[in-house]
Number of protein chains: 2
Amino acid sequence: MTHALSNGIEFNAPAMALAVKRLGVRMTFPKGVEIFGQDEEADLVYGLMSGAVRTTRMLSDGRRQIGNFYSRGDLIGLTTGPVHRFSAETLSDCSFRVVKRSSIQLHGGDDELDDAIWEAMRRELEQAQEHLLFLGRTSACERVARFLISIAPRNSSARVALPMNRQDMADYLGLAIETVSRTVSHLQASEIIEFSGCRYFRVLRWDALELLAA
Amino acid sequence: MTHALSNGIEFNAPAMALAVKRLGVRMTFPKGVEIFGQDEEADLVYGLMSGAVRTTRMLSDGRRQIGNFYSRGDLIGLTTGPVHRFSAETLSDCSFRVVKRSSIQLHGGDDELDDAIWEAMRRELEQAQEHLLFLGRTSACERVARFLISIAPRNSSARVALPMNRQDMADYLGLAIETVSRTVSHLQASEIIEFSGCRYFRVLRWDALELLAA
DNA sequence: CGGTTAGTTGACCGACGTCAAATTAAGTGG
DNA sequence: CCACTTAATTTGACGTCGGTCAACTAACCG
């Protein structure tokens, strides 16, 4: 199975992993730095080998929307035309395989890579559209429940680490940080989930959680 | 200039128009019918020659989110993998040029068509991500203002037709129909826009409208 | 000209945001 | 490892934007 948080290409999509591994140059970033910025020229494509990344978009007055979270195996930086419309930042120390966009153009004959990029694009779009539905038409509780479900390995009661903080969750879900916190507390009070610290949780009752996710 | 409502490929993107015109079979649909349904197999790609279309996604309890509106020159039905995750319905009588997905696959050597489809995909994604930001982080007023701006030809005070009804606007913007109505009324009371009937409007003060759109 | 549907307006209410304070977690230098 | 500092999260009190319900009005159509 793919890790549920992963939204781009997974390592189990062999074409991608192989193509990026084969072509890519290794690169590392520490926690909390910008990989590329909003409105910067989109030159490189990043295959995430380890760590976690968020993509964010700012409004002029500072309101922030997180587009997506990425983890091991995801492909980052494809999402745009000539210019990035989201910035990407590391949530933890990360290592990548990086390939130049231009080299992709040149690689016209490379079907394996072409397919992988097409597939990654498709997934990115699918994700965005799914996200749309949730931002437009669901309650805070449904969003948080859905989010936790998307992160925890399905039907497992194992402890899961959240790579992002509460503010990141809030900006992803289109909620205030206090609302996220309250909702999580409420789920915990209902004995549907259980947190140990604010970065680790386990699902106690999947049926209840899925009911709440609509 | 491209028509601002158009969100996919425009007719002024010559590759698309030509490719679909060249390859497509003509097809027409009356107003208010489904072109393809959610979860149906995605077999055909539709180049819209005239009329208007919406794509919608339903939650099990009937809540609806509109993904996008399309008009003359847009390419519809690309957005998914093997299965459509949105349904598409006509807002008015429509005519299309239709091509089979499979014939696109076969057309590997057809760079013109490949480029056009890639570009359409890119735009679809761009649109979805822009929409995300608005659903997640803006007020009702900002959404409505932005929506009207996206429909009216920029800086023109010409009368514009809305191809969709208020419920469609509401489901696109993630608002209740009453909220859309109230907001429109308010903009009109402020003499920023002017409606003649509920399907035609003109922008009286672009500066003010853009200010409200954030 | 009734009848039907779509849109508007008003009254009310609740979910979620805001502001502030309390609590917990995470660093950091000794 | 501990005391201290600082940042992150939680909790509470309260206000508001936008949703809901209902009544009214305008557009549409045979």
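By convention in this document, chain letters (A, B, ...) are assigned in the order of the sequence lines, proteins followed by strands, and residues within each chain are numbered from 1.
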[X] has an atom [atom1]; how far is it from atom [atom2] of [N], in whole Å?
{"X": "F134(B)", "N": "dG18(D)", "atom1": "CZ", "atom2": "P", "result": "14 Å"}
{"X": "L173(A)", "N": "dA15(C)", "atom1": "CG", "atom2": "C1'", "result": "16 Å"}
{"X": "R63(A)", "N": "dC16(C)", "atom1": "CZ", "atom2": "P", "result": "18 Å"}
{"X": "H186(B)", "N": "dC17(D)", "atom1": "NE2", "atom2": "C1'", "result": "13 Å"}
{"X": "R166(A)", "N": "dC16(C)", "atom1": "CZ", "atom2": "P", "result": "17 Å"}
{"X": "N165(A)", "N": "dG27(C)", "atom1": "CG", "atom2": "P", "result": "12 Å"}
{"X": "M169(A)", "N": "dG17(C)", "atom1": "CE", "atom2": "P", "result": "13 Å"}
{"X": "F201(A)", "N": "dT10(D)", "atom1": "CZ", "atom2": "C1'", "result": "18 Å"}

Check your understanding: Would you say a side-chain N or O of S185(A) is under 4.0 Å from OP1 or OP2 of dT11(D)?
Key -> yes
Check your understanding: Residues in side chain to side chain donor-acceptor pair (under 3.5 Å) with S87(B), at least two apart?
Key -> T56(B), E89(B)
Review point. How does protein contact run along nucleotides 19-29 of chain D, one letter per nucleotide 5' to 3', with B for base contact, S for sugar-phosphate only, - for none, heavy atoms under 4.0 Å?
Key: SBB--------
Check your understanding: Which one, dA6(C), dT10(D), dG18(D), comes nearest to the side chain of S181(A)?
Key -> dT10(D)
Exercise for review: Would you list the pairs meeting salt bridge (Lys or Arg N to Asp or Glu O under 4.0 Å) in which at least one residue belongs to residues 190-209 of chain B, sequence neighbours left out?
Suggested key: E194(B)-R202(B)
Review point. Hey, what's the ring geometry for H84(A) with F36(A), parallel, tilted or perpendicular (30° and 60° as the breaks)?
Key: parallel
Check your understanding: Do the rings of F201(A) and F195(A) sit parallel, tilted or perpendicular, given the 30° and 60° boundaries?
Key -> parallel
**Study point:** Worked check of side chain to side chain donor-acceptor pair (under 3.5 Å) between T28(B) and S95(B)
**Key:** CA-CA 4 Å; T28(B) 64; S95(B) 73; over 6 Å; no
Point to revise | E41(B) atom CD: more than 12 heavy-atom contacts under 6.0 Å | key: no
